[in-house]
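Structure first, commentary second.
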2 protein chains.
Amino acid sequence: MSVQERKQRERAERERLIVATARELAEQQGWDAVTTRRLAERIEYSQPVLYSHFRGKREIIGAVALEGAAELAGAVRAAASAADGPRERVAALARAYLDFAARNPAVYDALFQLDGGLAYAREDTPEPLKDAFAALLEVLGGVAGDGVHPGLFTETFWGALHGLATLTRAGRLPPEDAERRTALLVDRLAVV
Amino acid sequence: MSVQERKQRERAERERLIVATARELAEQQGWDAVTTRRLAERIEYSQPVLYSHFRGKREIIGAVALEGAAELAGAVRAAASAADGPRERVAALARAYLDFAARNPAVYDALFQLDGGLAYAREDTPEPLKDAFAALLEVLGGVAGDGVHPGLFTETFWGALHGLATLTRAGRLPPEDAERRTALLVDRLAVV
DNA sequence: TCGATTGTCTAGCGGTGCTAGGATCCGGGT
DNA sequence: ACCCGGATCCTAGCACCGCTAGACAATCGA
């Protein structure tokens with residue numbers, strides 16, 4: 001039995017290698033450069049091996065997205081818990097979110113821009129995605145204001161952050177005013 | 001001389017046909033389906049003809065984007081001018097913007113999601129893009145609030161709208177609450 | 001030790017954006 | 001009226017893409 005277990009371990013290890021390599025390559029040269037041929041070469045296996053782990057490239061993107069969701073949730077929670085007061089917690093959350101998007105553009109794309117074959121905002125949504133939204137809700141739900149549904153407020157705030165993140169990174173917004181825009185958003189949206 | 005003029009006209013007409021066909025195909029089947037081969041077949045010319053008008057696929061996307069920018073600016077101005085009072089004008093703008101994104105997803109993608117090779121937020125930004133931003137600024141600049149730069153406020157509001165538009169259309173946000181999220185955004189961000 | 005199963009690779013399919021080079025057509029000068 | 005030269009367009013092909021069939025080798029259980 002231990003032989004099978006070793007093989008299983010090695011197989012799981014190789015799967016992690018695939019995801020990590022895809023992520024690394026995407027961060028270095030963009031997702032367009034993540035082709036199955038290049039990816040296979042980097043992990044020193046042939047192309048078909050990828051398809052014994054994932055249905056296709058889309059699922060690899062999805063795996064990177066799930067990894068990123070967990071990290072994003074962690075970053076948001078860490079930033080929020082290190083801040084004092086509701087207003088400051090929301091500001092810290094916004095900064096952490098935008099910082100994550102700026103520092104991990106490829107992962108952010110996998111999460112919210114590309115098609116990773118994941119279900120969002122549904123019952124069968126993967127746990128890491130639900131948890132990332134929950135991390136936002138924990139902080140933002142407290143500043144929704146009277147009569148405003150916490151979930152709805154979180155969705156709106158998140159949408160606003162997402163818009164700033166993508167437009168800034170795509171060069172649609174001048175990057176030098178990013179912090180002032182964030183501050184404006186926090187001041188106006190959050191009810192403290 | 002008139003022969004040359006006729007040829008120029010026909011050439012310009014064919015260029016419009018290419019852009020219109022690309023847009024139509026993209027709205028029908030998504031940008032992935034807009035391949036140079038399919039596009040060439042639809043306009044009943046061979047592939048290389050496309051390259052005598054545009055440097056490549058990217059420039060075709062850019063042309064669709066510019067067309068869309070003009071329409072978006074028009075839609076926003078029309079909606080705003082038909083509304084009474086600053087608060088209602090902002091709400092009408094937001095509805096018009098999101099409506100445009102929902103009704104013309106491919107064009108919206110060409111504008112803000114895909115790479116059309118256009119320069120944004122710079123001096124050499126094409127006029128239609130500047131004008132679309134100007135259309136937002138005309139309305140939103142008036143509700144920025146004291147001490148807040150109108151341009152910065154417009155950028156922030158636009159970013160928020162963009163986030164809601166993309167997340168909703170990508171299935172990241174439940175569509176049924178779209179209007180409530182928009183209303184929340186308008187109420188909190190606009191100072192009337 | 002043998003047979004079966006599992007694992008991996010080579011080779012190839014149909015598709016992509018893009019381009020080189022040859023054919024064809026047509027206006028303008030003699 | 002004719003023929004030349006340039007503009008115009010198409011056929012064919014390049015390198016690459018995601019993905020897969022089928023051959024081959026290595027390994028396990030009997």
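Every value quoted in this text rests on a predicted model; they were computed, and no experiment measured them. Within every chain, numbering begins at 1; the chains are lettered A, B, ... in the order of the sequence lines, protein sequences first and strands thereafter.
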Minimum-distance nucleotide to A/Thr35 side chain [options: C/dT8, C/dG17, D/dG18] = D/dG18
Which of C/dT19, C/dC9, D/dC19 is nearest the side chain of B/Tyr51? It is C/dT19
So, is A/Arg11 close to the C/dT8 phosphate, meaning a side-chain N or O under 4.0 Å from OP1 or OP2?
-> no
Below 3.5 Å, does any donor atom in the side chain of B/Arg37 face an acceptor in the base of C/dG15, or the other way round?
-> no
Please determine if A/Glu41 and A/Arg38 form a salt bridge, counting it only when a charged side-chain N lies under 4.0 Å from a carboxylate O.
-> no
Taking atom P of D/dC9 as reference, at what distance in whole Å does atom CD of B/Glu15 sit?
-> 13 Å
Quick one: A/Gln47 CD to D/dG18 P, roughly how many Å, whole number?
-> 8 Å
Salt bridge check: are A/Arg87 and A/Asp187 linked by an N-O gap of less than 4.0 Å?
-> yes
For D/dC19, take OP1 and OP2 only and decide whether either is under 4.0 Å from a side-chain N or O of A/Arg58.
-> no
C/dG7 P sits how many Å from A/Gln8 CD, rounded?
-> 10 Å
Within this structure, what is the CD-to-P distance between B/Glu10 and C/dC26, rounded to whole angstrom?
-> 11 Å
Give a yes/no answer on whether the side chain of A/Thr36 brings an N or O atom under 4.0 Å of OP1 or OP2 in D/dG18.
-> yes
Side chains of B/His53 and B/Tyr45, donor plus acceptor under 3.5 Å | no
Please state how far atom CD1 in B/Ile18 lies from atom C1' in D/dC9, giving the value in whole angstrom units.
-> 13 Å
Look at B/Arg38 and C/dT16 and indicate whether a side-chain polar atom (N or O) is within less than 4.0 Å of OP1 or OP2.
-> yes
Under 3.5 Å, side chain of B/Arg89 to main-chain N/O of B/Leu140, donor-acceptor pair present?
-> no
With the side chain of A/Lys57 defined as its heavy atoms from C-beta on, choose the nearest nucleotide among C/dC18, C/dC9, D/dC19.
-> D/dC19
Please give, in whole Å, the distance from D/dA7 P to B/Tyr45 OH?
-> 18 Å
Rounded to the nearest Å, what distance is computed from the CG atom of residue A/Leu50 to the P atom of nucleotide C/dC9?
-> 10 Å
Do B/Val107 and B/Phe100 come close enough that some side-chain heavy atom pair is under 4.5 Å?
-> yes
Nucleotide nearest B/Pro48 (side chain, heavy atoms from C-beta), chosen from C/dA20, D/dT20, D/dG13 | C/dA20
B/Glu41 has an atom CD; how far is it from atom C1' of D/dC9, in whole Å?
-> 17 Å
Is any side-chain nitrogen or oxygen of A/Ser46 closer than 4.0 Å to OP1 or OP2 of C/dT8?
-> no
